[in-house]
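Read through the structure below, which is laid out as structure tokens, and then see the notes.
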Amino acid sequence: MKDLVRAGKRARAEGRWTDAYDAYKAALEAMVPATNTEQERAEIAGELGLCALALSKHRDAAEHLAWSLEQREALSVALQLRFEEGLRKATKHVATLLLAVDPPDAEVVVDGKLVGRTARTHKLFFDSGEHMVRAQAPGREESFQVFTAVPGKQHQMSMQLSRSSSSTREVAAAAPKGAPRVPSATPAVRTQARSPWASWPGTLRIAGIVVTTATASAGSVLMIRASRLDGDLSERRDGLNRDPSTSSSMCWQAPRHSACADLLRLRDERNLSGAVGTALVIAGGVIGAATAASFLTDFSFLGRTPAQEQIHVSPAAIGQGMGVRIEGLW
């Protein structure tokens, strides 16, 4: 190990950074915890980090320099200043993640690579892009998160592994029958949450959509029928005006006249269809507006269901069309 350190110093002094990096890396791997001191490990890791920085291996440099500075009490002041300056330069090119894990003995795997155990907080460094962090521990539910690393930025992430349902049942079965029950530190596994649409606000919303569609459709059909009847009425009226023996004006004055019976019937049907159709369309619009407004209303204040278990639906419109935005927690 000492021969490798001397080789690394010579290569660094001559500017052969690749050879220096390889020598310091081999020296760090050749160290034996039983015979080598903490000071030696911290110094070699720091020198390896500076060599990686000279080779633009910024993530490697940040990892080794940060690890070395965790043992700063074993380093001289001069080495601390050198390694701190190198760490500042390296972290400008990588993203820093402060990861808090509970329980602390959870196994942390980053992009398929094992980071380690027995640490409640990890300081990790990443190149730019998306990365996946996974944590697992015996008797705990596995947890994973994906985040986008931004160079020069510090990210924070917390992962708390809840107890698995199988381990909870095993602990309960192993307890003596006469022993008092101890409340679990984690909430019991809930049954499937009741759908918000099963509550009365959801029922009214569904009914509002159905009624709006039905009334608007019926009103549109009646208004179309009124338009067709108006065309037939105009055609019949023109026919009476062309007859020299009668005219359409006589029909309004003499409704019992036989030649005007069809004309009067068409007029009444047109007026009735138009009025009813307009009323239905207006009613459908009012009901539709009320239904749309209900999607923007949170009914959690009524105490029916907790607000965090609800879904929130709001209308959305863009240049290409319309739709709804659905947000919530499942």
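Owing to the predicted nature of the structure, the values given are computational and were not obtained by experimental measurement. All heavy atoms count here, side chains included; hydrogens, waters and symmetry mates do not.
Taking every heavy atom of both residues into account, Leu161 and Ala135 meet most closely at CD2-O, 3.9 Å. Of all heavy-atom pairs spanning Leu87 and Leu65, the tightest one is N-CD1, 3.5 Å.
The CD atom of Glu70 sits 8.0 Å away from atom NZ of Lys123, with the distance rounded to the nearest 0.5 Å. Note that NE2 of His131 is 5.5 Å distant from CG of Asp111, once rounded to the nearest 0.5 Å. We find the CZ-OG distance between Arg134 and Ser143 to be 10.5 Å, quoted to the nearest 0.5 Å. For the atom pair CG (Leu98) and CD (Gln154), the distance works out to 4.0 Å, reported to the nearest 0.5 Å.
The backbone N or O of Arg267 lies less than 3.5 Å from a partner atom in the side chain of Asn271, making a donor-acceptor pair. Under a 3.5 Å cut-off, the side chain of Gln156 and the backbone N or O of Ala100 do not form any donor-acceptor pair. In terms of modelled atom types and a separation under 3.5 Å, the side chain of Thr215 and the main chain of Thr212 share a donor-acceptor contact. A distance-only check finds a donor-acceptor pair linking the side chain of Arg59 to the backbone of Phe125 [under 3.5 Å].
Using a 4.0 Å cut-off between charged nitrogen and carboxylate oxygen, Arg82 and Glu47 count as a salt-bridge pair. Using a 4.0 Å cut-off between a side-chain N of Lys or Arg and a carboxylate O of Asp or Glu, Glu85 and Arg88 qualify as a salt bridge. Note on Asp60 versus Lys57: no salt bridge recorded, every NZ/NE/NH1/NH2 to OD/OE distance being 4.0 Å or above.
No hydrogens or angles considered: nothing links the side chains of Glu84 and Gln80 as a donor-acceptor pair under 3.5 Å.
Val150 is listed as a side-chain neighbour of His155, based on a closest heavy-atom distance under 4.5 Å. In this structure, the side chains of His64 and Leu28 come closer than 4.5 Å at one or more pairs of heavy atoms.
Classification of the His58-His93 ring pair by plane angle, with boundaries at 30° and 60°, yields parallel.
In this structure Tyr24 satisfies the side chain to side chain donor-acceptor pair (under 3.5 Å) test with no other residue, sequence neighbours excluded.
Transitive grouping of hydrophobic side chains (ILVMFWY, heavy atoms separated by less than 4.5 Å) brings Val110 and Phe147 into a common cluster. Residues Trp67 and Phe83 are members of separate hydrophobic clusters, defined by side-chain heavy-atom contacts under 4.5 angstrom among Ile, Leu, Val, Met, Phe, Trp and Tyr. Hydrophobic clustering of Ile, Leu, Val, Met, Phe, Trp and Tyr side chains at less than 4.5 Å, counting indirect connections, unites Met159 with Leu124.
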